[in-house]
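FYI, the numbering just counts along the sequence from 1.
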Amino acid sequence: MKGVKGRFLKKLKRFPTITTLKQSLILQVPDSISISKLSKDHKDEEIESGFLDGDKEKLTPPMKSRDPVSAKDNSELMISSEVQIDHSIQGRDGLTESRACDLEERVMDNASTHKAKEEIEEHPSLLDFEEKCPPGGSDSVIFYTTSLRGIRKTFEDCSAIRFLLESFRVMFQERDVSMHMEFREELWRMMGGRVVPPRLFIKGRHIGGADEVVGLHEQGKLKKLLEGIPLSPTNNSPCKGCGGMRFLLCLNCNGSCKVIADGDGDGDDLLHIRCPECNENGLIKCPICC
């Protein structure tokens with residue numbers, strides 16, 4: 001029994017006492033906590049546990065200062081600081097407003113300049129296009145087209161440009177290369193080779209084919225190019241003479257392109273010559289609309 005008791009006492013001695021526990025806790029406190037605060041907490045714990053000598057009733061809490069003069073001075077100091085802060089804020093606000101006005105003016109100037117540049121870019125002049133003036137087209141719109149439907153894309157391109165010109169209600173001359181060989185030769189001579197219609201000319205400037213004209217219209221530039229062109233009459237009805245075809249059957253040869261020459265021949269000896277009034281298709285230009 002003596003041996004068991006000795007071993008038990010040895011184990012009890014190994015356990016740390018209360019004071020050593022408190023010292024270890026103090027040593028493990030982080031640096032952010034001040035020493036005065038730790039000492040105060042330690043004293044409070046000792047008062048609660050009864051280790052502090054003396055009567056607890058004698059301990060009195062510290063009296064707070066209730067000096068009216070110092071409180072008044074503190075209030076006046078706070079009011080003056082608030083007034084100074086308000087003045088500084090007002091000064092900063094006034095400066096910010098002036099800077100905001102200057103910045104807004106600069107932004108407006110830059111926007112107007114950018115808008116003017118965009119207008120110049122979006123609305124080009126006719127001088128930007130190649131100068132190729134068809135006969136009688138220095139102050140008008142000349143549109144070379146074809147009425148043949150053998151090649152569908154060509155016919156649709158011609159119809160697209162015609163529709164755009166009619167939608168703007170401007171006067172234009174349509175020259176059908178399939179109806180009159182002179183128009184075809186005229187176009188090839190201007191372009192320096194064999195080109196396929198449609199081709200649009202505005203005031204002696206070559207605008208281009210269907211892709212170029214439709215692209216300009218989609219960008220809003222075609223209307224600017226057509227400024228100054230006379231408008232077509234309000235009653236956009238087809239011509240009463242040709243029905244809008246701009247050609248009529250030759251009345252001299254009835255479309256045969258042949259006439260009888262003046263002479264003494266009778267019967268089979270009659271001499272047929274080429275009709276001088278019609279074209280290769282036996283057609284003449286409409287005297288009403290052309």
- Message: Before you tell me yes or no, could you show the steps for E166 and R162 under salt bridge (charged side-chain N to carboxylate O under 4.0 Å, His left out), namely the whole-Å CA-CA distance, both residues' side-chain angles and the distance that decides it to 0.1 Å?
- Response: CA-CA 6 Å; E166 289 176 352; R162 186 185 301 107; 5.1 Å; no
- Test side-chain contact (heavy atoms from CB on, under 4.5 Å) on S232 and R169 and set out the steps. CA-CA 6 Å; S232 61; R169 299 180 63 183; 4.0 Å; yes
- Message: Set out, in order, the CA-CA distance, both residues' side-chain angles and the distance that settles side-chain contact (heavy atoms from CB on, under 4.5 Å) for L271 and I260, then state yes or no.
- Response: CA-CA 6 Å; L271 181 62; I260 300 173; over 6 Å; no
- Message: As a quick check of understanding, evaluate side-chain contact (heavy atoms from CB on, under 4.5 Å) for F143 and R175, giving each step before the final call.
- Response: CA-CA 6 Å; F143 173 43; R175 297 181 178 179; over 6 Å; no
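Counting heavy atoms from C-beta outward, K203 and L225 have side chains that stay 4.5 Å or more apart. Side-chain contact check for K132 versus R205: every heavy-atom pair is 4.5 Å or farther apart. Counting only heavy atoms from C-beta outward, the side chains of L283 and L248 never approach each other to under 4.5 Å.
Residues forming a ring-ring contact (aromatic ring centres under 6.0 Å, His included) with F201 (at least two apart in sequence, or on another chain): Y144, H206. In this structure, the side chain to side chain contact (heavy atoms under 4.5 Å, CB included) partners of D157, at least two apart in sequence or on a different chain, are K153, P198, A210.
In this structure, R149 places its CZ atom where only 12 or fewer heavy-atom neighbours from other residues, nucleotides or ligands lie under 6.0 Å away. In the displayed structure, E156 atom CD is contacted under 6.0 Å by more than 12 heavy atoms of other residues, nucleotides or ligands. Counting non-hydrogen atoms of other residues, nucleotides and ligands closer than 6.0 Å to CD1 of I151 gives a total of 12 or fewer. Within 6.0 Å of CG in L251 there are 12 or fewer heavy atoms belonging to other residues, nucleotides or ligands.
Residues V195 and I207 fall into different hydrophobic clusters, defined by Ile, Leu, Val, Met, Phe, Trp and Tyr side chains chained together at heavy-atom separations under 4.5 Å.
Distance alone, capped at 3.5 Å, is enough to place a donor-acceptor pair between the E280 side chain and the M181 backbone.
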